[in-house]
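In what follows, chains are A, B, ... by sequence order, proteins preceding strands, each numbered from 1. Both backbone and side-chain heavy atoms feed into the values below; hydrogens, waters and symmetry mates do not.
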Protein chains: 4
Amino acid sequence: MIRVGIIGATGYAGAELVRILLAHKEAEIVWYGSRSYIDQKYASIYQNFFQLVDAKCMEDNMEALAEQVDVIFTATPQGFCASIINEDILSKVKVIDLSADFRIKDVKIYEEWYKIEHKSPQYIDEAVYGLCEINREDVKKARLVANPGCYTTCSILTCYPLVKEGLIDPDTLIIDAKSGTSGAGRGAKIDNLFCEVNENMKAYGVASHRHTPEIEEQLGYACGKQVLLNFTPHLVPMNRGILVTAYANLTKDVSYEEVKAVYDKYYQNEKFVRVLEKDICPQTKWVEGSNYVDVNFKIDPRTHRVIMMGALDNLVKGAAGQAVQNMNLLFGLKESEGLELVPMFP
Amino acid sequence: MIRVGIIGATGYAGAELVRILLAHKEAEIVWYGSRSYIDQKYASIYQNFFQLVDAKCMEDNMEALAEQVDVIFTATPQGFCASIINEDILSKVKVIDLSADFRIKDVKIYEEWYKIEHKSPQYIDEAVYGLCEINREDVKKARLVANPGCYTTCSILTCYPLVKEGLIDPDTLIIDAKSGTSGAGRGAKIDNLFCEVNENMKAYGVASHRHTPEIEEQLGYACGKQVLLNFTPHLVPMNRGILVTAYANLTKDVSYEEVKAVYDKYYQNEKFVRVLEKDICPQTKWVEGSNYVDVNFKIDPRTHRVIMMGALDNLVKGAAGQAVQNMNLLFGLKESEGLELVPMFP
Amino acid sequence: MIRVGIIGATGYAGAELVRILLAHKEAEIVWYGSRSYIDQKYASIYQNFFQLVDAKCMEDNMEALAEQVDVIFTATPQGFCASIINEDILSKVKVIDLSADFRIKDVKIYEEWYKIEHKSPQYIDEAVYGLCEINREDVKKARLVANPGCYTTCSILTCYPLVKEGLIDPDTLIIDAKSGTSGAGRGAKIDNLFCEVNENMKAYGVASHRHTPEIEEQLGYACGKQVLLNFTPHLVPMNRGILVTAYANLTKDVSYEEVKAVYDKYYQNEKFVRVLEKDICPQTKWVEGSNYVDVNFKIDPRTHRVIMMGALDNLVKGAAGQAVQNMNLLFGLKESEGLELVPMFP
Amino acid sequence: MIRVGIIGATGYAGAELVRILLAHKEAEIVWYGSRSYIDQKYASIYQNFFQLVDAKCMEDNMEALAEQVDVIFTATPQGFCASIINEDILSKVKVIDLSADFRIKDVKIYEEWYKIEHKSPQYIDEAVYGLCEINREDVKKARLVANPGCYTTCSILTCYPLVKEGLIDPDTLIIDAKSGTSGAGRGAKIDNLFCEVNENMKAYGVASHRHTPEIEEQLGYACGKQVLLNFTPHLVPMNRGILVTAYANLTKDVSYEEVKAVYDKYYQNEKFVRVLEKDICPQTKWVEGSNYVDVNFKIDPRTHRVIMMGALDNLVKGAAGQAVQNMNLLFGLKESEGLELVPMFP
């Protein structure tokens, strides 16, 4: 039984880790970390866990935790993990960081977009970017996994095959993303009040959202050159779900079948990426509660562009589910253990 | 492996049976019945099951089905199951009927409230009312289970202990219920369009809803006399969830502890009924996606009444989950097999 | 032109006052008071008013304001108006208080339910309870109007005719109310975040909500004796709207026509109260954005009870609209001036 | 008093015409046309109009109507207006067609995208495209106005100034649009049921939506050459609102101030187009219920693109409001008469 500690267990991503791990046969949570709710019963913060979790919240103490567990998930604000990680901790436990601290290899880009000084740049190289479908083998050997962002996971998996195979011109890539509100976290902010979000829609972080360089870096690896793209997130009045609509110029005339073959080449053996049938557009509800990413595409012969679409649950494949998938890889378990969650509709 | 057939698999309750049974270790679905979508791939009707279900929809043929399966779920409109059930079928398979056909013992009351002639009154006596927490032993021996209604399950479990123990006067019972829209089914009706339901709330079926006599009959058994009560359902702009707020006069002065003890007497060993802690009001979101019913109460010393509250997911404990719970009882499986679903929040 | 000052203009009720008064032909807002946003442009707090309001927020200074305006609306937390009102202010301007400070005539009951010491009990007697349909003549002569609560307005107008005429036993009255989330205000609280409210429903303040004594007092005047009743509010995932479902025992056998005649007696000349046609249940969406209250009832001959239903927009007839209606009465304007808002559907 | 007839008064756009015209001082509705509800009281179909509209629905008879009114609004399915319009009708009344029949000047393009034979191509040239801000003078002289589509209005007004002034390359234009569900109409379809739309988001009509050629034609006029672009609509779980996010390559280096000046050049005197302040992204809720379009933009120096954003209420400026604006122009009334609706928030 793998012993798990969660730092930041009372955020939405932390709570989703709890939901998933409660049904995981080879892991048990022994530490529910929280800065805000120390000594309160965890189930009093998330009453859905009433009678399922008896533990109280403990402080976010990574040093103490490293003595007691096999793996630590940090579902914490940017900068926290980097400020506290050290060799001693990494020698004792695996760390899966759900924040952005170790996702970007160029520390200057990190500091520029996040406006934070990076406190542990020495671990950036070692950290493995935990997008399992792409970096599976590296994850297996890692000590420190940088769990990808929610928008990032959806954006990359949606575009990856066509970028990798050179079917699209990455310099023309435009990613228009739409997210449910849980991505904004459980902080008490006016902007996230029900009455501000319901019956409303808006773009935010236009030309400045922090997931941009993360997407650019990963797609840059795929095509072997620097990528600059537009990424625009939008807030949607729903709890969960990210939908990505991505546009790019085709580099040559291609048929539906040719593009489909490229997607299949990368994903037909991937349990969690479902390439939909022709003309079926992904819907976030079809993946809600599950670890699936649904992708599809449409060629527009009039404009010589392809429209790529992807949908996932931002708290599962976009955060906690992918983190558990990484844990399974780290410990040699079946990759889908605990993640065979059937999407809930309606 | 128990072989399962579903008649009416393309309604919301049918689809929820599929979601639950896909993760059930001792059952497999071999027949996805549907009147409207014969020969279409089931996963094309509910794309959440893409790559999880390969089967096509088959016609709603109970006779043919009885030859092939161990249990049939009928998630069909009122009157269908009664019109087609017969001794031959019952001699071959167990039947769990999610419609109201066999819930009410007095056929006249059934016909009066449902405005339908009952086609198989000879099986009404034999049918067991499948509210597992109350009729567990009878269910185990049944051939035909009448799976309770969604409002009914929530209403009865919320009030049962106090009615049974005589702490409230059943003649003063008023049940004000609120339901998500999935309870209205997947039929294409203007009243259930997004724009008609969203940002809106209404009562309906006031003093005439068909779940009223079902609640009255079951609570009548609990107190040993006829019960007449008011039941008012309301439509709420959410997909899933029923919330019941019930009011009744107390028959004597009681303390919080005394009432709590009565609830605990009936529910402390019930996995799926959670009596919340003092002053915590049930919320539908805390049980969403799961088979739990959360209940609690508040004594009002000013009016000498008790306010009882209950919440469940209408598609799980209010329909498909309870049906699977009944199946588990019928076949001697662990009662919670396939139902250890952790509620999803948010 | 009546000069208007609003104290608490940046809450939802304050913003709704602005929306209504911008279209009012005989009033102009000259003071947008706010504790939190002093010196910021009002339209930067509520961007819907961009290019419609140029003013900046000013501090909540009632003394200074009294010099400049004809009427002050206080849309402020409980206790504020009572703490600051004085003879000097009342001698200069009319005051319409949207808080509860002057709604309850018995100061002990106020202090008990609100847990606040009342700072100006000397004005309680003078204050007129501004439920226009019932206290119209008194409002016209008032200096200080206590604008009713949102739940209260809906509850009283729904039940008033039958209580007044003795058709129901007020001791059996149970009011089950459902409200949109704007009633909770614009404060940044976790409980009111989108993800906590959406796809969720709950009761709150059970047997303890502060609108209870206000309803009891007013219905007590109607029937000439003390009333104790149960009032239970619920939070609904919608922005606006209150729906009341009220239950009471009939005092005698009555027909639909008799009860209808009683409702018509009180409301047929009331522009803002619409008694719906037989069997039509009020829906909050049918009054959204308007000053209407829709009411109706259903007799249940089985239980000898009547179910009374009412719906209004909590920010209009439940707050700002009623406040403007009171202003119109105070200044001898047409009562519906600025309030002929057509409900918006969908 | 202008006498108004509405054909298709029981769709959502028709009902919005009623809402707006009820408050219009110089127009009165004398004919509520409906195919589905003939002889039923209009207010029984839309109960928000209870006591506000007494009329019954009449058949959709344009010939008879032309005798009785000054202007006819056709809020009908594609093809209807073209199939019935004739010289006799046009000689008697003004016609404002809310369908697409006369929006596209090239009848082949119309027939190709709409899969309908055009029955009155002889009136296409005469019809004026009723985007008031651009074609104001032509509208004033028209007999037949083609009222623009909802997506189209938002898309064009968002991009028009930069296309017109040559600041962007129209061949690189990508328009990603998001719409509330009322745009899908009141037809009873499974896809538009509450449970299918709520907590869900999807693209639809990808590379094939019928508003594409309409946008292309109008922007083509602006830049003086043919435009081919990508337009992708998405369905959002809200009732009202369209949000457009448009991307295009800048044709030269420009500053914020330069681009702002271009927007101001076209819109600073336009009452209904609000160019927001720097860095403020439009939100659909800020225009809900009103005739405003809010637009803004963001330059991305990294990619040399500009992101243009626009928001409107699809039933007001996207349909009925713009139709009334056209009516006001046709009859020489104040252009904003009946349209000074303050946006409702929340």
Side-chain angles (χ1 to χ4, degrees), chain B residues 171-180 193-208 212 216 228-230 232 234-243 245 247 249 279 281-286 288 296-307 309 311 344-346, chain C residues 171-180 193-208 212 216 228-230 232 234-243 245 247 249 279 281-286 288 296-307 309 311 344-346:
Chain B
D171 289 336
T172 64
L173 197 52
I174 286 169
I175 298 175
D176 191 283
K178 299 90 178 167
S179 175
L193 289 177
F194 182 82
C195 289
E196 309 284 318
V197 174
N198 186 45
E199 270 294 291
N200 198 3
M201 189 159 180
K202 66 173 177 185
Y204 64 99
V206 180
S208 63
T212 311
E216 289 177 343
L228 289 182
L229 51 78
N230 275 102
T232 312
H234 297 77
L235 190 67
V236 183
M238 58 184 187
N239 287 359
R240 291 169 177 243
I242 284 179
L243 185 71
T245 315
Y247 305 83
N249 290 356
D279 289 332
C281 294
Q283 302 191 13
T284 60
K285 192 70 186 160
W286 293 342
E288 190 166 317
N296 213 348
F297 66 92
K298 179 90 180 183
I299 296 167
D300 187 350
R302 298 169 65 253
T303 61
H304 305 293
R305 290 194 192 104
V306 64
I307 299 103
M309 295 165 278
M344 195 166 89
F345 183 98
Chain C
D171 288 336
T172 64
L173 197 51
I174 286 169
I175 298 175
D176 190 284
K178 298 89 177 167
S179 175
L193 289 176
F194 181 83
C195 289
E196 309 285 316
V197 174
N198 186 45
E199 270 294 288
N200 198 3
M201 186 158 180
K202 66 174 177 186
Y204 65 97
V206 180
S208 62
T212 310
E216 289 177 343
L228 289 183
L229 52 77
N230 275 101
T232 312
H234 297 76
L235 190 67
V236 183
M238 57 186 188
N239 287 358
R240 290 169 179 245
I242 283 179
L243 184 71
T245 316
Y247 305 82
N249 290 355
D279 289 332
C281 295
Q283 301 191 15
T284 59
K285 192 70 187 159
W286 293 342
E288 191 165 316
N296 212 347
F297 65 92
K298 179 91 181 181
I299 296 167
D300 187 350
R302 300 168 67 251
T303 61
H304 306 292
R305 292 196 190 102
V306 64
I307 299 103
M309 294 165 279
M344 194 166 89
F345 182 98

Out of [options], which one racks up the most heavy-atom pairs below 4.5 Å with chain C?
| options | value |
| --- | --- |
| B/L193, B/T303, B/N249 | B/T303 |
| B/D176, B/T232, B/L228 | B/D176 |
| B/I307, B/I242, B/L235 | B/I307 |

Can you list the residues that meet the side-chain hydrogen bond (donor to acceptor under 3.5 Å, both in side chains) rule with B/N198, with sequence neighbours excluded? A/E199, D/N239

How about C/R302 and B/T212: do any of their side-chain heavy atoms sit closer than 4.5 Å? yes

Do the side chains of B/I174 and C/R305 get nearer than 4.5 Å, heavy atoms only? yes

Below 4.5 Å from any heavy atom of chain C, which atoms of B/V206 appear? Answer side chain, backbone, both or neither. both

Under a 4.5 Å heavy-atom cut-off, does chain C meet the side chain of B/F194, its backbone, both or neither? neither

At a 4.5 Å cut-off on heavy atoms, which part of [X] comes close to chain B: side chain, backbone, both, or neither?
| X | answer |
| --- | --- |
| C/L229 | backbone |
| C/M309 | side chain |
| C/P282 | backbone |
| C/A311 | neither |
| C/D171 | backbone |

Roughly how far, to the nearest 0.5 Å, is the [atom2] atom of [Y] from the [atom1] atom of [X]?
| X | Y | atom1 | atom2 | value |
| --- | --- | --- | --- | --- |
| B/T172 | C/Y247 | OG1 | OH | 13.5 Å |
| B/T245 | C/H234 | OG1 | NE2 | 2.5 Å |
| B/S208 | C/D279 | OG | CG | 8.0 Å |

Indicate the atoms forming the closest heavy-atom contact of B/P346 with C/C195, along with that distance. CB-O, 3.5 Å

When every non-hydrogen atom of C/C281 is compared with those of B/A203, the smallest separation belongs to CB-O, 3.4 Å

Highest number of heavy-atom pairs under 4.5 Å with chain B: which of C/L243, C/I299, C/V236? C/L243

I need the single residue from C/K285, C/R240, C/Q283 that forms a side-chain hydrogen bond (donor to acceptor under 3.5 Å, both in side chains) with B/N200. Which is it? C/Q283

